[in-house]
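Everything on this sheet refers to the single structure shown next.
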Amino acid sequence: MAEQRTIVITGATDGLGKALASELAPAGGRLILHGRNEEKGQKLLEELAPRATGELEWRRADLASLDEVRDLANSLLEEERIDVLVNNAGIGTAGGREESADGDELTFAVNYLAPFLLTRRLLPLIERSAPARIVNVTSAGQAPIDFDDVMLERSYNGIQAYCQSKIALVMLTFDLAEELEGSGVTANCLHPGTYLPTNMVRRAGVDPVTPLEDGVEATMRLIASPELDGVNGHYFDGTSESAPHPQAEDPEARRQLRELSAELTGIQATA
């Protein structure tokens, strides 16, 4: 009897993450859903239970705290396997500059440092589960990182904060893909759609553009489509392979980001 697949989705109580959970619940296997709000998490499980044909699990963690990210990773490391990790959780452009529990700029912390730490901690288990996939939900909104002011202490702009956090996630994807080449684990990332109808977009005061169904289809393709077997280290705009901002492919920028990430999280990344 084949082992059931285990899929982990961060940020699963709203927007794209919730829609992915709804799509995957009837497909069987083990679905582990993450969010930071316990009440919303339990409500999500109740909503999905009637249609779920496999196991549903809930994990609470505030990704604005690296200690809570470590605790989340530790709980997931108790799993027998992780076949797909979907780093979907994120915050948008609304509001002024805030800091995480660790004193880092909040958007960079939640959108990049948290998935960096979580993925790195889970990597040995993901590799043991091969063939497996890492899917990072990023954005076409990408801006180069100013490594002299990563935390935007000199000049804060919500759009810059968001866009640099998303290019950092693309860089992480490319680093992982190079490291994992030949391991049976692939790492890819995507822009699921322009201004999906989510709470994050609405809080920014922006009118949605791309239907949520399109974002789900594009992300599901990276999660489960057989045509993506072995496809590694790509950035997709929807379902089309695309080119990210040039800094994402700059070896020196990626090296600087790796070193900064190691310093901030205590996790050493392979060069």
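Just so we're clear, the structure is a prediction, and the values are computed from it rather than from any experiment.
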Problem - Results of side chain to side chain contact (heavy atoms under 4.5 Å, CB included) for Ala89 - residues two or more places apart only - result: Thr10, His34, Leu63
Handout entry: Leu85 side chain near Val135 side chain, heavy-atom distance below 4.5 Å
Key = no
Handout entry: From CZ (Arg36) to CZ (Arg60), nearest 0.5 Å
Key = 9.5 Å
Practice task
State yes or no: do Val170 and Leu113 share one hydrophobic cluster built from I, L, V, M, F, W and Y residues joined by side-chain heavy-atom distances below 4.5 Å, directly or via other members?
Solution key: no
Exercise for the section: Could you tell me the separation between the CD atom of Glu80 and the CD atom of Gln4, rounded to the nearest 0.5 Å? Expected result: 8.5 Å
Exercise for the section: Would you kindly confirm whether Tyr156 and Phe108 end up in one hydrophobic cluster when ILVMFWY residues are joined by side chain heavy atoms under 4.5 Å apart? Expected result: no
Practice task
For the residue pair Thr6 and Arg81, confirm or rule out a side-chain donor-acceptor distance under 3.5 Å.
Solution key: no
Handout entry: Gap between atom CD1 of Ile134 and atom CG of Leu222 - 0.5 Å precision
Key = 12.5 Å
Name every donor-acceptor pair, under 3.5 Å, that has one atom in a side chain of residues 15-27 and the other anywhere in the protein, sequence neighbours excluded.
unit_1	atom_1	unit_2	atom_2	d
Lys18	NZ	Glu47	OE1	3.4
Ser22	OG	Lys18	O	3.1

Handout entry: Closest contact, heavy atoms only, Leu76 versus Leu118
Key = CD1-CD1, 4.1 Å
Completion exercise
When every non-hydrogen atom of Thr219 is compared with those of Gly215, the smallest separation belongs to OG1-O, 2.8 Å
Exercise for the section: Take Arg30 and Glu57 through the side chain to side chain contact (heavy atoms under 4.5 Å, CB included) test and state the conclusion after the steps. Expected result: CA-CA 8 Å; Arg30 184 168 169 80; Glu57 288 283 337; 3.3 Å; yes
Exercise for the section: Return yes if a side-chain donor-acceptor contact under 3.5 Å exists between Arg97 and Asn157, otherwise no. Expected result: no
Exercise for the section: Is it possible for you to check whether Arg221 lies under 6.0 Å from the centre of the six-membered ring of Phe236, through NZ or CZ, and within 45° of that ring's axis? Expected result: yes
Problem - From CG (Asp67) to CG (Asp102), nearest 0.5 Å - result: 6.5 Å
Completion exercise
Sequence neighbours excluded, the answer for salt bridge (Lys or Arg N to Asp or Glu O under 4.0 Å) partners of Glu39 is none
Problem - Exercise: do Asn87 and Thr119 side chains pair donor with acceptor under 3.5 Å - result: yes
Practice task
Establish whether Phe116 and Phe174 are linked, either directly or via other cluster members, by ILVMFWY side-chain heavy-atom contacts under 4.5 Å.
Solution key: no
Handout entry: Heavy-atom side-chain contact between Asn188 and Asn136 under 4.5 Å
Key = no
Exercise for the section: Could you verify whether a donor N or O on one side chain and an acceptor N or O on the other, from Thr186 and Asn232, lie under 3.5 Å apart? Expected result: no
Practice task
Check step by step if side chain to side chain contact (heavy atoms under 4.5 Å, CB included) holds for Tyr235 and Leu190.
Solution key: CA-CA 5 Å; Tyr235 164 71; Leu190 84 159; 5.7 Å; no
Exercise for the section: Grab the two heavy atoms, one from Ile32 and one from Glu79, that are nearest each other, plus how far apart they are. Expected result: CD1-CD, 3.4 Å
Exercise for the section: Would you please say whether a donor-acceptor pair under 3.5 Å links the side chains of Gln142 and Gln247? Expected result: no
Exercise for the section: To the nearest 0.5 angstrom, please state how far the NZ atom of Lys166 sits from the CD1 atom of Ile145. Expected result: 13.0 Å
Problem - Minimum heavy-atom distance Gln160-Ala143, with the two atoms named - result: OE1-CB, 3.4 Å
Handout entry: Under 3.5 Å side-chain donor-acceptor pair for Glu38 and Gln42
Key = yes
Problem - Minimum heavy-atom distance between Asp237 and Ser242, given as atom pair plus value - result: CB-CB, 3.8 Å
Practice task
Spell out, yes or no, whether Leu77 and Leu123 are grouped together once hydrophobic residues are joined by side-chain heavy atoms under 4.5 Å, including indirect joins.
Solution key: yes
Practice task
Determine whether Glu99 and Leu106 make a side-chain contact, defined as any pair of heavy atoms from C-beta on separated by less than 4.5 Å.
Solution key: no
Exercise for the section: State, yes or no, whether a side-chain contact exists between Asn88 and Val86 at a heavy-atom distance under 4.5 Å. Expected result: yes
Exercise for the section: Measure across Ala130 and Ser183 and return the closest heavy-atom pair with its distance rounded to 0.1 Å. Expected result: CB-O, 3.5 Å
Handout entry: Any side-chain donor near an acceptor of the partner, Ser261 and Tyr112, under 3.5 Å
Key = yes
Handout entry: Glu217, CD: over 12 other non-hydrogen atoms inside 6.0 angstrom
Key = no
Exercise for the section: Following the transitive rule for hydrophobic clusters with a side-chain heavy-atom cut-off under 4.5 Å over Ile, Leu, Val, Met, Phe, Trp and Tyr, establish whether Ile167 and Leu176 coincide in one cluster. Expected result: yes
Practice task
May I ask you to check whether over 12 heavy atoms, not counting those of Ile159, lie within 6.0 Å of atom CD1?
Solution key: no
Handout entry: Minimum side-chain heavy-atom gap Glu105-Val150 below 4.5 Å
Key = no
Problem - Interatomic spacing from CZ in Arg121 to CG in Asp71 - rounded to 0.5 Å - result: 9.0 Å
Handout entry: Student check: side-chain heavy atoms of Gln164 and Pro144 closer than 4.5 Å
Key = no
